[in-house]
Structures are given as structure tokens and as C-alpha cells.
Participant: 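Pasting a structure below so you can have a look.
Order of appearance sets the numbers: ligands from 1, and atoms from 1 within every ligand.
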Amino acid sequence: MSEHKAVRTRRVSLGGAGKNRRIDIGGGAPVSLQTMWKEGIVPVLTDQAALTAVLARIDSLAQLGCGVVRFAVPDMPSADALNKIAGGSSLPVVADIHFDYRLALRCLEGDVAKIRINPGNIGSAERVRAVAERCREKGVPIRIGVNTGSLPADVAVRVQGGDLDRAEALVETALREAAALDALNFQEIIVSIKASGGEETVRAARLFSSRSDIPLHIGVTEAGPLIGGIVRSTWAICTLLNEGIGDTVRVSLSSSPENEVIAGRAMLQEAGKRTGGVTLVSCPRCGREGFDVHGFMERWERRLYGLKADITVAVMGCPVNGPGEAKHADIGITGGGGTAVIFRHGAVVKRVPAAEADQAFAEALDALIV
Ligand code: SF4
């Protein structure tokens, strides 16, 4: 356990009108999952099919367990595009803004649910005030995002001089940014403090949570590619969650938003912060001739995780060991010798030719969760 004691956080509600669901962060609300959109969004301004595709993908992210989706807003067309998306999104939409406060004001003309800025890089106090006042009018909170690449010059000098280590510098910067908003009587704040190293991220989050009741968004920034990034993020995020630190989570990966959400939901499950939903178990396969576990998982993983059902699904490589090893599964599939086998709680309920495996599994699944 940490020597630092986490302060119970205040509760902040993400706003947003239209179809957007409201979501609470902090104050004992369930820990939510976030992801970030990875493509430009300007085409939605002129292409209805592009808008429809973005909204459909947001729907599928919601089904996977995502609670909030963030978009980069680098210019005014992106701000206009985000307002179009926010008006139809089934998830709260966050605008991620650097440097130009006018982009935040433009986004606040629409249904964005949160603005992510660094007050320190937005410019003069008047500009920060303009954003905070508009956020207050709209009931939209602000996330202050601090990372080691954006420390204020005076703090960076103290780090170089040895007065502060980088975790302390991140916390000092976040508290300073929060104080700037507090001075404007704006307290609807969420803070993220991210370092690219897991240990530094954990130390900074512990220190911040011992000094502030502001809800904390946790994650490791630039965590890496899919596998290495998940390993690094899992250690840091689960360590913090197990200490009661962290109100909302994003797993930053050089991979798709869907993989970020799937990784995040597994972390929440491992940390005991999420129960229910589909649990997938599958064997690694071995040299025995059997069922194509890897191919089946590639085709079915997202679909299964998107189901609203509290079930365990097993995908096993051979009928000799598979059903027995996965006796606890509510439904499973395996096979060998050109045959696929559907089983429930270890007992075979159907055999079909391997080419009909997906259809037979889909029918058995439908029968189970109707
Ligand atoms: S279930 Fe069968 S195929 Fe899978 S690892 Fe075990 S023995 Fe190998």
C-alpha cells in the first residue's frame, strides 16, 4: 500500500444535451472508461455517410463499455464537426483543445460534455475566464490535462535544478492550474496527470490524490503499442485502482479505440471495479489438431464484449480437453476433424460441420441470452 491516503473525491457531472448520456465522475460513482478518436473529423461537415459512420462507431464503443469519447480539436472546422457529432452521439463527447481558447468557445456552442484544456497554454487570464464562464453557463466541466511534456517553464527549471522530481512537478502544475480555475469560482474540474512511465504516473497520482478532492483521470500516456502498452498500463492503473485512486480511466495505446476500451474493461474487472458483462475464456491452442481458436476470437471478440449479458463464453482448441476445462462456461465452442462442437457447462449440445460453426454458435448464443 502507498503511504499516501487517497482523499475521497468530489463528484463532477459531464453535461451535454441531445442524445448524450450524462455521466458522473468521482464521489463514489462507478469508475468510467474513456477513449480517444484517432482520425480527423472534418469530413462529417459535408459527408452525411461519414457522420453516420462516426455515430455508429461511437454506438459500438458504448456497447463495448466505453463511457466517454474524446476528440482532438486542432482548428475551427474540427470544432464545427465536433458539434455535429456531439448532437447525435450516444456517448458524452469531450473536446481536446490546446492553445486557442476560441476553439473551446466554438465547441461550447454545441453539445460537448467536457472541455479538456491546459489553462497554462490557453494564454491570458481573460481567455481562461471566458472559457470558464461559458462552461459554467452550459454546465460543462473542464479537464485539466498535465503531462511531463507540458510543464510550465518555472517548474521545469526547478526539476532541472533538483528541487522537484517529475512526479512532484506534475502535481504542483495540476494544483496550480486547478487554483487558477478555483480563483474564477469554477470547481467543476477533473484532473489528469500522466507520465509516460508507469511508476512516475503512480507516484504522481498518489501524491495528487492525497492533496486534493478533485476527481482524477488516470492512465499512462504514450504507453506504447498494443501488447507492451497494455502491460505497462495494467500495472499502473490496477495499482492505483486497488488503492482507491482514479475516477475515470483511459488506456492510451498505439491501437484502435476499441482495443483501448477492451483493455480498460479488463483492467476494471481485474481491479474489482467492474462486474457483470461477458467474460471470455479461451485456450492458447497447442499442437493438437482442433478448432481455430484464434480465427474465431478475431471474428467474435468485439461482438461478444458488446453483449448485454452476464455470461462466460469459452473458445477452446480441442474437444478432448476443451469442454472439461471450461465447465464453468455458460456456452462454449470447440471442434476438430472437420466438426465444430457447441457445449454448455461442459456438456455437448450440438455438433455441426466446421463450416457452419459461426452460425451454430450464433443460434445457441441467441437461445441463451433471449
Ligand atoms: S484445450 Fe486442447 S487445444 Fe487448447 S491448449 Fe488445451 S489441449 Fe491444446
Participant: Measure up the Phe296 and Phe291 rings against each other and bin them: parallel (under 30°), tilted (30 to 60°), perpendicular (over 60°).
Facilitator: tilted
Participant: So does Cys318 have any N/O/S atom less than 2.8 Å away from atom 2 (Fe) of ligand 1?
Facilitator: yes
Participant: What residue and atom, counting heavy atoms only, is the protein's closest point to atom 8 (Fe) of ligand 1, and at what distance?
Facilitator: Cys286 SG, 2.3 Å
Participant: Does a salt bridge link Asp154 with Arg176, judged by any charged N lying under 4.0 Å from a carboxylate O?
Facilitator: yes
Participant: Hydrogens and angles aside, do Asp247 and Thr9 bring a side-chain donor and acceptor to less than 3.5 Å of each other?
Facilitator: yes
Participant: Please find out if atom 8 (Fe) of ligand 1 and some N, O or S atom of Cys283 are separated by less than 2.8 Å.
Facilitator: no
Participant: Which residue owns the protein heavy atom closest to atom 7 (S) of ligand 1, what's the atom, and how far is it?
Facilitator: Asn321 ND2, 3.1 Å
Participant: Within the supplied structure, the quantity of interest is the number of heavy atoms (other residues, nucleotides, ligands) at a distance under 6.0 Å from Arg299 CZ; does it exceed 12?
Facilitator: yes
